[in-house]
Each structure stands twice: as C-alpha cells, then as structure tokens.
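Nothing here was measured: the structure is a model prediction, and the numbers come from that model. A, B, ... follow the sequence lines: proteins, then strands. Residue 1 opens every chain.
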Amino acid sequence: MYIYDSTKKVKLQFIPLEEAKASLYVCGPTVYDDAHLGHAKSALVFDLLTRVLRANGYEVTYARNITDIDDKIIAKAIIEKKTIHEITDFYTDSFHNEMAKLGVKRPDIEPKATENLEAMYDLIQKLLDKGHAYETKEGDVYFDTASDKHYLTLSSRVQEDEDRQERVTSSQLKKHQADFALWKSVKDDTITYQSPFGAGRPGWHLECSAMIEKHLAKPNAKFAVDIHGGGADLLFPHHENEAAQTRCATNHSLAAYWMHNGFVNIDGRKMSKSLNNSFFLKDALKEYDGEVLRYYLLSTHYRSNFNFNEEDLQTAKKRLDKIYRLKKRLFSLATYEERTEFQDALLKALSDDLNISLALALIDAMLSKTNEILDSAGKHKQLKKETMANLGFIESILGFGVKNPYDYFQFGVDEKTKAELERLIILRKQAKKDKNFDLSDKLRDEILSYDVQIMDTPQGTFWEKV
RNA sequence: GGUGCCAUCGCCAAGUGGUAAGGCCGCAGCCUGCAAAGCUGCUAUCCCCAGUUCAAAUCUGGGUGGCACCUCCA
C-alpha cells in the first residue's frame, strides 16, 4: 500500500503504527447547511481508502467527526428561530441519508463536538500547563505559536510572510499575530458552554485534536493516528494548528500520514459560499442515481481538482452502465467467490495511492473481454463463475454495481410509466411477431419518447432510462 | 504581494527516464427486419524554448497559460 503524503509531498509505503491495523481520522462536515459535491468527494475518497486498506488486510478504525458547535450554526438557528439541535440534527440526518445514497459507509466512530467538550477542556488545560497557551484579560485562550518551534512545518510556510499578510481585524490582545483561539469567550446571551475557562465556545481547530486524542490515540505511539485526511484547503491553517496543539499538549505527533483530496470545481472555479455557486448533493441526487455520482466523483484521481459538469457525468454513467449490463447478462447466477488475477491487479492499482484510472481501465478491459467470450458459442461455465466473483469484488472494493441491475436502469421512472412501457413492449412484440415492422417501429418511437431506450435480447426486450 | 499545484487526442483522464493505458465522441465492420446493446478495427508524441542523457511526456532552467492557499470552507 502506497500513500502520497501531502505535507511531505512524496509517495510513501504505508507502514502502520501497529501491525495489520490502521487508524484514520477525516475532518467531517459542519452541520449547518446541505452537503455539496465537495463534501461528497471527500467522503467518497476516504470511503474508498478504508475499503482498500481493508482489502489489504488492515483492521481499520475510521473516525469522521460531526462539527456541531460553530458560529454559523448559531447564526442559522437565530435566523430560522430554531434551536441549535434542531439545526444540527436536521443536517446531520440529511448528510447521513445522502452519503448512504452515494454508497459511503458510515465511519466506525463519528464523534460530535458537543459530546467531546471535556476532552477539549483537557487539551486546553494541558497547553496552559505546558506554557503553550495563555489567557487574555478578555477571557479568551490562545495558542502561543511562538512557543512551538515546529509551527508551520506541516504546511511549509514562512512565518514572516504570514505576519505581513495578517488581517488587521485580529485581536490586539494576542501575543503574536499568528496565535489562534483555543477558547473564545462569549459574554452575550447566545449559546455558550461553561468551561473551566469561563463561558464561551471552543476554537475551530480544537475539536479534531481533542477527539483524536480521546477516540484514537494510542499511548506511547509516536503518532496519534496513522492517517489524517481532509480537503486540500484544510492543510492551512486547520491541520497546521491541529498538529501544533497535539504536538505541544501530548508526547506524540498527530498523524504519520497526511492525505488531502482535491477540490470539486464548477465551471472551472471553486465552489464556495462566497461565490454562490455551490452544487448541492440533494439536487444532484434528484437527477442521478447516487451510484452514478459515486462513479463520477471517484473517476478522477483524488488529489486532482475535479471540474464538475453534466456531460462528464453522463459519460461516467455510460461507463457504469456497462458494469450493470454485464451484471444483467449474468443476473440469474448465484454469487461466487474466487480470487482471480483481475482482482489482484485491481487491488494493486488501488493500493498505489488510489490509482482509480488504472483500476477503471482494468474493469473496462475485463468487461470487454468477458462480453466477447460470452458472445461466442459455448456455455462458459467457469468464466461466468469468475465473472460473478469479479463483479462481487468490484462491488465490495469500489461500491460499483451494488444494486439490482433492473432497478438501476429504471432510476427515476414512476410506476405508471413503467406499466405503460411494459404495455407498449408487449404490443411491439406482437407486431414484430406479425412482421408488421411499421407498427413495431412506431411503437418503438413511442417508447423512446419516454426518454428510455430499448434493447432486444435473447432473454426478451428490456428498456433502460437514458 | 507571498507560497504551492497543474498544462497529455474534440472532451474526460492514467503514465513521472526506456520509447503514449482507458472511457466518451467520431468513422468502418460484425450482429439485428431496422435499431439498441455487445464485439472487432481505426484515431495523439505529450503548452513553448533551451539543456542534461545512449534514451524525456517524464529530469533541469527559462517562458506562456490556468488554478489554489494565505479569511469560514471538503
């Protein structure tokens, strides 16, 4: 297994802290709004990573947090006249539902900020005790970046540059401009938490460090977790600050490997709140099967920036369709397990820093070869068995082809339309039997008008949603 | 302004020193009543310039063009 470490900028062989085990922590969503395609991309990438690690025999512990303490959540609650929990519960549920549609498995641990406040207090206290943090007279607690000689090494930045660019809005009470808040004192009547440091809210970067310490860190290990992941924009300042907190508060570093996924862009530009060009997952899921989105978003290497557009999405669907057509071709057969060369090659490709393009090329080659042989005369008993095993392997490691193929090809078609299509197909069958091809073609045109295509096979005539 | 990433066929996209994977589209053919699906075949010398090397898309230097981070962001 090889992984590209985005802080060292080099591909490395994965050597776990503990034999045959792997711990993974990924920064999850702040639940104050609907998930967009970028959230989907990140979740999919690390879902794939856990599957590949497991296929390589690692016992994986995968944690992804839910950030449910945040100023934006509070702002939304006030605007919508709801409680914090109504907001966070709603968006946590929708996040889970949408991820399920994408075939993203739930992490083993999904810690919430609200349920880990004690761990955050502990961390702040340790940093204060060790002289890496200080309180201001306003009651805020800041991390003292000057006290950490390794600060900025993770993201390879230069302190002077950061200073020059510091915005004027930051607190005048900080010792150093780069210092960041561990605890933000809040004196108005908005929602606050009572800590040993007074009423307020934890700083942005604190929760991940605290939750990793509580849920994943092993005593006496050199690193708290094997792999820490997240979106490319989190490297600085979020991960830099997380790493500083953990390094200074404990006797270990945060992560042995850092992985950052590239961004999903729309029309060549970053999707962001400020540009108002976010593409929400819930909207995409109305138009496309979740598995199509899964295939599409995973079809480009995870570190590349991804330019979302519907044409490429259609292309991805066509590619996924081919898996399902072969599955349909062998639909009556029982599942079968057998290790094949194809599976070894597929796993090898994915184990090389998730080389998805190579993996997909291997799948396409397997599909073509199998179809070619099935097209030829013969029963092909062994080939069919192996193919069932291969399709099963693709399902488990990539999450492609997990549905009933007939259901897959009928995505978004209502029952009434289905019944009408069946009726037309029966009429067309009779017309063909009567050699009345004018009528048969007329019926086909009518069928096609429902935005489906039909295909005559030895097993009968089937339709597929376009 | 600082830092970093990227530039491969019409489109998407692997490959990072040994002579260009794959998919979509297109063209030709097999199959089909005709289609669709499936199959077969065909389709690039890797942004530009200079250099290193027996050998470069792959390394070095210089251009040009795109993007990102430095502020909440996956």
Side-chain angles (χ1 to χ4, degrees), chain A residues 6 9 11 26-30 32-33 35-46 64 70-72 152 155-158 160-167 169-170 178 204 229-238 240 260-265 268-275 278 296 299-301 303-307 309 311-322 325-326 328-329 349 352 355-365 367-376 432 435-438 440-441 444-445 447-448 452-457 461-464 466:
Chain A
S6 40
K9 301 183 195 303
K11 197 191 281 185
V26 176
C27 295
T30 301
Y32 71 103
D33 204 351
H36 58 226
L37 295 171
H39 294 108
K41 171 86 179 176
S42 179
L44 283 165
V45 164
F46 292 104
R64 184 186 60 208
D70 187 276
D71 287 353
K72 292 185 288 294
L152 297 181
S155 54
S156 312
R157 279 161 200 278
V158 182
E160 292 76 47
D161 297 332
E162 299 307 318
D163 289 348
R164 204 181 310 135
Q165 285 304 308
E166 190 67 35
R167 301 298 193 270
T169 50
S170 56
W204 174 37
D233 58 334
L234 295 181
L235 177 54
F236 186 86
H238 188 49
E240 183 72 57
H260 292 94
N261 63 277
F263 265 63
V264 178
N265 297 326
R269 295 208 64 88
K270 180 181 170 178
M271 188 168 42
S272 74
K273 293 281 186 297
S274 52
L275 288 172
S278 295
Y296 178 45
S299 66
T300 297
H301 188 79
R303 277 188 278 120
S304 305
N305 281 335
F306 188 96
N307 195 21
N309 69 73
E311 274 179 54
D312 293 344
L313 178 55
Q314 285 291 355
T315 298
K317 179 184 181 301
K318 285 176 187 171
R319 236 176 151 177
L320 179 60
D321 286 352
K322 294 198 292 187
R325 292 215 181 91
L326 182 60
K328 197 158 77 171
R329 210 171 170 176
D352 182 15
N355 189 336
I356 190 77
S357 290
L358 187 53
L360 296 182
L362 289 166
I363 290 173
D364 284 324
L367 296 175
S368 288
K369 191 71 190 164
T370 306
N371 277 319
E372 186 186 358
I373 298 172
L374 290 177
D375 282 349
S376 67
K432 282 175 54 152
K435 305 254 187 249
N436 185 347
F437 296 124
D438 284 345
S440 162
D441 290 349
R444 180 168 60 203
D445 288 343
I447 290 167
L448 263 40
V452 301
Q453 61 190 20
I454 58 170
M455 44 202 65
D456 299 325
T457 75
T461 297
F462 299 102
W463 60 270
E464 294 179 356
V466 176

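With distances taken from any side-chain atom of N261(A) to the nucleotides A74(B), C70(B), A21(B), the minimum falls on A74(B). For S357(A), taking side-chain heavy atoms from C-beta onward, the closest of the listed nucleotides A14(B), G22(B), G38(B) is A14(B). Residue L358(A) has its side chain nearest to A14(B) when only A14(B), G38(B), A36(B) are considered.
Applying the salt bridge (charged side-chain N to carboxylate O under 4.0 Å, His left out) test to D456(A) and every residue at least two apart in sequence or in another chain returns R428(A), K432(A). For the side-chain contact (heavy atoms from CB on, under 4.5 Å) test, residues two or more places apart in sequence or in another chain that qualify with S6(A) are Y4(A), W258(A), H260(A). Applying the side-chain contact (heavy atoms from CB on, under 4.5 Å) rule to Q314(A) yields the partners Y288(A), K317(A); only residues at least two apart in sequence or on another chain are considered. Residues meeting the ring-ring contact (aromatic ring centres under 6.0 Å, His included) test with H301(A), sequence neighbours left out: none. Residues that satisfy the salt bridge (charged side-chain N to carboxylate O under 4.0 Å, His left out) test with K11(A), not counting sequence neighbours, are D352(A). Checked against salt bridge (charged side-chain N to carboxylate O under 4.0 Å, His left out), D364(A) has the following partners two or more places apart in sequence or in another chain: R319(A), K322(A). Annotation: ring-ring contact (aromatic ring centres under 6.0 Å, His included) contacts of F263(A) (sequence neighbours excluded): none. With sequence neighbours left out, the side-chain contact (heavy atoms from CB on, under 4.5 Å) criterion links T370(A) to L326(A), M366(A), L374(A), L383(A), T387(A). Residues forming a salt bridge (charged side-chain N to carboxylate O under 4.0 Å, His left out) with D375(A) (at least two apart in sequence, or on another chain): R329(A).
Between the side chain of H36(A) and the base of A74(B), at least one donor-acceptor pair of N or O atoms lies under 3.5 Å.
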Letter per nucleotide, 5' to 3', of nucleotides 40-47 of chain B [B base touched, S only sugar-phosphate touched, - untouched; heavy atoms, 4.0 Å]: S-------
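Pairing for G1(B) goes to C70(B), judged as Watson-Crick or G-U wobble with the two contacts each under 3.5 Å. Under the Watson-Crick or G-U wobble criterion, with both distances below 3.5 Å, U32(B) has no partner in any strand shown. With a cut-off of 3.5 Å on both pairing distances, the Watson-Crick or G-U wobble partner of G61(B) is C49(B).
Mapping D364(A) and S304(A) onto RNA chain B by nearest heavy atom places S304(A) closer to the 5' end of the strand. Heavy-atom distances to RNA chain B give each of K318(A) and D70(A) a nearest nucleotide, and the one nearer the 5′ end belongs to K318(A).
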Could you go over nucleotides 29-33 of chain B and give all protein N or O partners under 3.5 Å, atom names and distances?
residue, atom, partner, partner atom, Å
G33(B), O6, S440(A), OG, 3.2
G33(B), N1, D441(A), OD1, 3.0
G33(B), N2, D441(A), OD1, 3.3
G33(B), N2, D441(A), OD2, 2.7

Find every protein N or O atom lying less than 3.5 Å from an N or O atom of nucleotides 5-10 of chain B, and list the pairs.
none

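At a threshold of 4.0 angstrom between heavy atoms, the contacts of H301(A) are confined to the sugar-phosphate backbone, with no base atom among them.
Between R444(A) and D441(A) there is a salt bridge, since at least one side-chain N of the basic residue sits less than 4.0 Å from a carboxylate O of the acidic one.
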